[in-house]
Amino acid sequence: MREKELRRSMAVFTIGTVMKLTDLTARQIRYYEEQDLIHPERNEGNRRMFSLNDVDALLEIKDYIAEGINMAGIKRIYEFKKVEKPLTNNKQKNNPALTDDDVRRILHSEFLSISGYNPGNKSNLIDPNRFF
DNA sequence: TTTCTGACA
DNA sequence: TGTCAGTA
């Protein structure tokens with residue numbers, strides 16, 4: 001099914017289209033790119049061109065934001081994904097890699113482990129207040 | 001018209 | 001994040 005993956009990674013949307021698709025503002029989309037959460041391609045005119053994958057990523061990011069996770073937290077999640085995915089793929093070529101559900105589960109525990117109060121630590125990734 | 005970057009609130 | 005400026 002690599003034909004499908006190929007299409008999903010074809011950059012065909014302008015930021016205007018992505019805005020409608022994701023309900024995000026151009027400002028937010030550009031900011032997420034700055035944070036290395038998405039990597040849209042650029043066309044001849046330096047315009048961002050997004051793929052279906054980018055849109056998916058954006059929708060995912062939107063969910064995390066809605067859940068109260070800040071940029072630092074989301075960045076961690078994405079770093080985590082980048083490292084864990086290839087790792088499990090190498091481990092066993094036949095067995096399916098982590099399912100999205102597995103990732104969710106792992107991310108959840110990861111999330112909980114960094115959600116506690118850390119009074120003296122100003123680098124808190126999650127705002128504790130969101131739990132009240 | 002649409003999008004881009006940079007900057008300020 | 002919103003918004004404004006000056007471009008391409």
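So you know, we letter chains A, B, ... as the sequences are listed, proteins then strands, and number each from 1. This structure is a prediction, so every number in the text was calculated from the model and none was measured.
Screening residues 24-34 of chain A for salt bridge (charged side-chain N to carboxylate O under 4.0 Å, His left out) gives A:E33-A:R42, A:E33-A:R48 as the qualifying pairs, with residues at least two apart or on separate chains.
For A:N43, the side chain to side chain contact (heavy atoms under 4.5 Å, CB included) criterion is met by A:R47, A:M49, not counting sequence neighbours. Legend: residues meeting side chain to side chain contact (heavy atoms under 4.5 Å, CB included) with A:M10, ordered by chain and number and at least two apart, are A:R7, A:V12. Applying the side-chain hydrogen bond (donor to acceptor under 3.5 Å, both in side chains) rule to A:Q35 yields the partners A:K75; only residues at least two apart in sequence or on another chain are considered. The side chain to side chain contact (heavy atoms under 4.5 Å, CB included) check on A:S51 picks up A:N53, A:D54, with sequence neighbours excluded. Under the side chain to side chain contact (heavy atoms under 4.5 Å, CB included) criterion, A:L52 pairs with A:R8, A:F13, not counting sequence neighbours. In this view, A:S9 satisfies the side-chain hydrogen bond (donor to acceptor under 3.5 Å, both in side chains) rule with no residue, not counting sequence neighbours.
Regarding A:E44, its CD atom lies at a distance of 19 Å from the P atom of B:dT2, rounded to whole Å.
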Q. Starting at the 5' end of DNA chain C, what dot-bracket string do you get if Watson-Crick and G-U pairs under 3.5 Å are bracketed, crossing pairs use [ ], other-strand pairs use | and unpaired bases use dots?
A. ||||||.|
Q | Heavy-atom protein contacts under 4.0 Å, nucleotides 4-9 of chain B, coded B base, S sugar-phosphate only, - none | A | BB-B--
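Tested against A:M19 for a side chain to side chain contact (heavy atoms under 4.5 Å, CB included), the candidates A:L58, A:T14, A:I29 yield a single pass: A:I29.
Put simply, chain A comes within 4.0 Å of DNA chain C, heavy atom to any atom, from C:dT1 to C:dA8, going 5' to 3'.
Atom OH in A:Y32 sits 5.5 Å away from atom CG in A:L24 (nearest 0.5 Å).
Residue A:V18 comes nearest to A:V55 through the heavy atom pair CG2-CG2, 4.3 Å, listed as atom of the first residue, atom of the second, then distance.
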